[in-house]
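This report concerns only the one structure given below.
Remember, it's a predicted structure, so these values are computed and weren't measured experimentally. Hydrogens, waters and symmetry mates play no part in the numbers below; they use all other heavy atoms, side chains included.
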2 protein chains.
Amino acid sequence: MKKPYDTWVDFRVSPEGCPKEYMLALNDALNVFTGKWKLHVIGALTTGKKRFSEIERFIPDINPRMLSKELKELEVNGIVSRTVYDTLPVTVEYELTRSGREIRPVFDAMIRWGLEHRKTNIKKKR
Amino acid sequence: MKKPYDTWVDFRVSPEGCPKEYMLALNDALNVFTGKWKLHVIGALTTGKKRFSEIERFIPDINPRMLSKELKELEVNGIVSRTVYDTLPVTVEYELTRSGREIRPVFDAMIRWGLEHRKTNIKKKR
DNA sequence: CAGGATCCCGCCGGATACTG
DNA sequence: CAGTATCCGGCGGGATCCTG
């Protein structure tokens, strides 16, 4: 993945200018949402820890391959934790980490903006 | 573009549950960021209105096709406004709309989360 | 100057089948 | 149950060239 951010210091989000680490942080946040299902998975887990098949049932139209992929990425990114219980057959539980739980303010900000945006924009598309 | 959100009412971001319009709003917000360059373009325009080639120079490694595409999408989505002046040759200025300018709190929330997230996660990747 | 037209490739994500 | 393996199409996005 290309990161033009590294050389792109002049990007400004705040009036004082946006240092490189801010861009990295922004990028991190964006990476959490990339992919078609990541948001759904996080959403499913905000109602509490769940097992693989539970999440699968919770999210219509997702297939195991995708769910597996997304969960793995979220785990690597420290958003979701995976716990294996050696029952028979194995039980695996997924849960939001602290970071995962703290994404909510971001969602809230996005929703707040989105709602306002929708009000002022008569949706022509879709 | 598939929108599983429409049938997916059980997604919860807030404890009270997340109504469908919230999901749509969240989705709207996400659509603003999708694409490799959209964020850069918004960033470039936060420092004020700019012409096509100015934005091009502002963002390293972007090519005209991409810039054109992103600007068009942002315009359709009501984030950016396009003004044509009939000089010779034509001059075109791009500017953030009100909605576009008001994205900043969202960015701020993302950055705040991202910074916190980075602190607790010793980056193993990259 | 401000893009459009074409070509092309990687990879995201869907479908289906299989396993410890 | 909790995933892999494999195959495959679409499209996001790069490079290059062209135009009103």
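- In this structure, A:L26 and B:F33 have side chains that are not in contact, with every pair of non-hydrogen atoms separated by 4.5 Å or more.
- Across the protein-nucleic acid pair, B:F33 atom CZ and D:dG12 atom P stand 18 Å apart, rounded to whole Å.
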Using the salt bridge (Lys or Arg N to Asp or Glu O under 4.0 Å) rule, take B:K119 and B:E116 through it: C-alpha gap first, then chi angles, then the decisive distance, then the call. CA-CA 5 Å; B:K119 277 199 291 188; B:E116 198 57 36; 3.5 Å; yes
Polar pairs (N or O, both sides) under 3.5 Å between protein and nucleotides 1-5 of chain D?
from: D:dC1; atom 1: O3'; to: A:R51; atom 2: NH2; distance (Å): 3.2
from: D:dA2; atom 1: OP1; to: A:R51; atom 2: NE; distance (Å): 3.0
from: D:dA2; atom 1: OP1; to: A:R51; atom 2: NH2; distance (Å): 3.4
from: D:dA2; atom 1: OP1; to: A:V92; atom 2: N; distance (Å): 3.3
from: D:dA2; atom 1: OP2; to: A:S53; atom 2: N; distance (Å): 3.1
from: D:dA2; atom 1: OP2; to: A:S53; atom 2: OG; distance (Å): 2.7
from: D:dG3; atom 1: OP1; to: A:R82; atom 2: NH1; distance (Å): 2.3
from: D:dG3; atom 1: OP1; to: A:Y94; atom 2: OH; distance (Å): 3.4
from: D:dG3; atom 1: OP2; to: A:Y94; atom 2: OH; distance (Å): 2.4
from: D:dT4; atom 1: OP1; to: A:K72; atom 2: NZ; distance (Å): 2.9
from: D:dT4; atom 1: OP2; to: A:S68; atom 2: OG; distance (Å): 2.9

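- If you measure from atom CE of B:M66 to atom P of C:dT6, you get 16 Å, rounded to the nearest angstrom.
- For B:N63 and C:dC8, the CG to P distance is 17 Å, given to the nearest whole Å.
- Rounded to an integer number of Å, the gap from B:K50 NZ to C:dG3 P is 16 Å.
- Between B:W37 and D:dG14, a side-chain N or O to OP1/OP2 separation shorter than 4.0 Å is present.
- For the pair B:D86 CG and C:dC1 C1', the interatomic distance rounds to 14 Å; values are reported in whole Å.
- Between B:L67 atom CG and D:dT16 atom P the separation is 18 Å, expressed in whole Å.
- Taking 4.5 Å as the limit, some side-chain heavy atom of B:R118 sits within range of a side-chain heavy atom of A:D28.
- The distance from atom CG of A:D61 to atom P of C:dT16 is 12 Å, rounded to the nearest whole Å.
- Taking side-chain N and O atoms only, A:K36 has a distance below 4.0 Å to OP1 or OP2 of C:dG14.
- Test B:I79, B:L96, B:I42 against B:R101 for side chain to side chain contact (heavy atoms under 4.5 Å, CB included) and you get one pass: B:L96.
- Regarding A:E70, its CD atom lies at a distance of 6 Å from the P atom of C:dG13, rounded to whole Å.
- Using a 4.0 Å cut-off between charged nitrogen and carboxylate oxygen, A:K72 and A:E75 do not count as a salt-bridge pair.
- In this structure, A:L71 and A:V41 approach most closely via the heavy-atom pair CD2-CG1, 3.7 Å.
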